[in-house]
Amino acid sequence: MPELPEVEVTRMSFADRIAGAEVRAVHVGKPLRWPLGCAPQALVGRTVLAVRRRGKYLLLELDRGVLLIHLGMSGRLLFAPTLPAAGVHDHFELSTGRGVLRLHDPRRFGAVVFVPTLDDPMARKLLGGLGVEPLTEAFAPQSFHAQLQKRQPAIKQVLLAGDIVVGVGNIYASEALFMAGIRPTISARRLSLARCVRLHAAIREVLSRAIERGGSTLRDFSSADGQNGYFQMEAMVYGREGLECRVCHASIKCLRQGQRSTFFCPRCQKS
DNA sequence: AGATGTCCCTGGAAGC
DNA sequence: TGCTTCCAGGGACATC
């Protein structure tokens, strides 16, 4: 399940290599989450200028237009000089002068959408509601606190919504809340400034550490250069229901919030 | 408008 | 062993 770290690691693994490449052919497999938004053939002849990231979206900037790529939860990008013939789960492929970029996505929650510019309505729909980037200066403790003050739902769900801060998915939300000592069920508006400061730091810590480790959470994650240098994350709480807390040895609990599983330590994390 | 629930999809695990 | 059922998850969308 790619969260921000996995998307960023993927980006870094091929951005420099694909920059400047001209598209020579396009292959489209089964439908993804949304239609491509242009005829595949229309991409031929365009040049990839850069690969950027916004939240969990990759932005493949072309000399004319942008391809928005989302990995959904089972998506994986590969970029290599050559690749074997496309299989049943390979749903989008750009052949370029520098290699083949392929989206492999068994569950097809992913998306590849062409937009002429980022002002395009579709681009605005997908990117417009996103919160600040957690690893930039725009993510500041005071404003984070001020935003949370306006939200009634549980802090875990507010983090997942992604409209205050992007990139914190189900796994890292549980981990960051553990690191900050905050119970996932507490209403966001009830968090003191001091606790928001700790949560802010925890989110940055968890995400940046995961990026350093090469995208850590995934059992099946590999970056676009095929490095399966993934680590099974040293999760403190995620997926550890019934096991001992690594800090206090209490039994880790699991509950459902908005159809998602949340893991926490009942002793380390206070309401 | 804010909060909550539903759905998309399929591989793998668990249950019978 | 082979079937069925359940679960995972991001996030747009529908509904209250």
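Numbers restart at 1 for each chain; the letters A, B, ... are given by sequence-line order, proteins then strands.
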Parallel, tilted or perpendicular, judged at 30° and 60°: which one describes the rings of A:Phe144 and A:Phe139? perpendicular

Can you check the A:Phe109 CZ to C:dA8 P distance for me, whole Å? 13 Å

Do A:Val26 and A:Val44 have side chains that approach each other closer than 4.5 Å (heavy atoms only, starting at C-beta)? yes

Rounded distance (Å) that lies between atom P of C:dG10 and atom CH2 of A:Trp34: 14 Å

Which of A:Cys265, A:Ser174, A:Cys268 passes side chain to side chain contact (heavy atoms under 4.5 Å, CB included) with A:Ile252? It is A:Cys265

When all nucleic acid strands are considered with a 4.0 Å heavy-atom cut-off, which category describes A:Gly169: base, sugar-phosphate, or nothing? sugar-phosphate

In whole angstroms, how far is the C1' atom of C:dA12 from the CG atom of A:Asp163? 13 Å

Could you tell me how far apart A:Asp105 (CG) and B:dT10 (C1') are, to the nearest whole angstrom? 10 Å

State whether A:His89 places a side-chain N or O below 4.0 Å from either non-bridging phosphate oxygen (OP1 or OP2) of B:dG11. yes

Nearest-Å distance, CD (A:Gln259) to C1' (C:dC13)? 14 Å

For A:Arg107 and A:Leu126, take the nucleotide of DNA chain C holding the closest heavy atom to each; which residue's nucleotide lies nearer the 5' end? A:Arg107

Of the options C:dA8, C:dG11, B:dA3, whose atoms approach the side-chain atoms of A:Ser261 most closely? C:dA8

Short side-chain N/O contact to B:dT4 OP1/OP2 from A:Arg151, under 4.0 Å: no

Within the pair A:Arg108 and B:dC8, is there a side-chain N or O less than 4.0 Å away from OP1 or OP2? no

Atom-to-atom span, NE2 of A:His91 to C1' of B:dG11 - whole angstrom: 12 Å

Which word best sums up how the rings of A:His89 and A:His104 line up, parallel for under 30°, tilted for 30 to 60°, or perpendicular for over 60°? perpendicular

Output the single nucleotide from C:dC13, B:dT6, C:dG10 whose closest atom is nearest the side chain of A:His70. C:dG10

How long is the line joining CD of A:Gln257 and C1' of C:dA8, in whole Å? 16 Å

Nearest 0.5 Å, please: how far is CG in A:Asn170 from CD in A:Gln157? 10.0 Å

Grab the CD-P distance between A:Gln157 and B:dT6 for me, whole Å please. 14 Å

Considering every strand and a 4.0 Å limit on heavy-atom distances, what is the contact class for A:Gln152: base, sugar-phosphate, or nothing? sugar-phosphate

Ranking A:Arg260 and A:Val88 by the position along DNA chain B of their nearest nucleotide, the one closer to 5' is A:Arg260

Just N and O in the side chain of A:Lys56: are any of them under 4.0 Å from OP1 or OP2 of C:dG11? yes

Looking at C:dG11, C:dC13, B:dG11, which one has an atom nearest to any side-chain atom of A:Tyr57? C:dG11

Kindly say if A:Lys125 contacts the phosphate of C:dC13, meaning a side-chain N or O under 4.0 Å from OP1 or OP2. yes

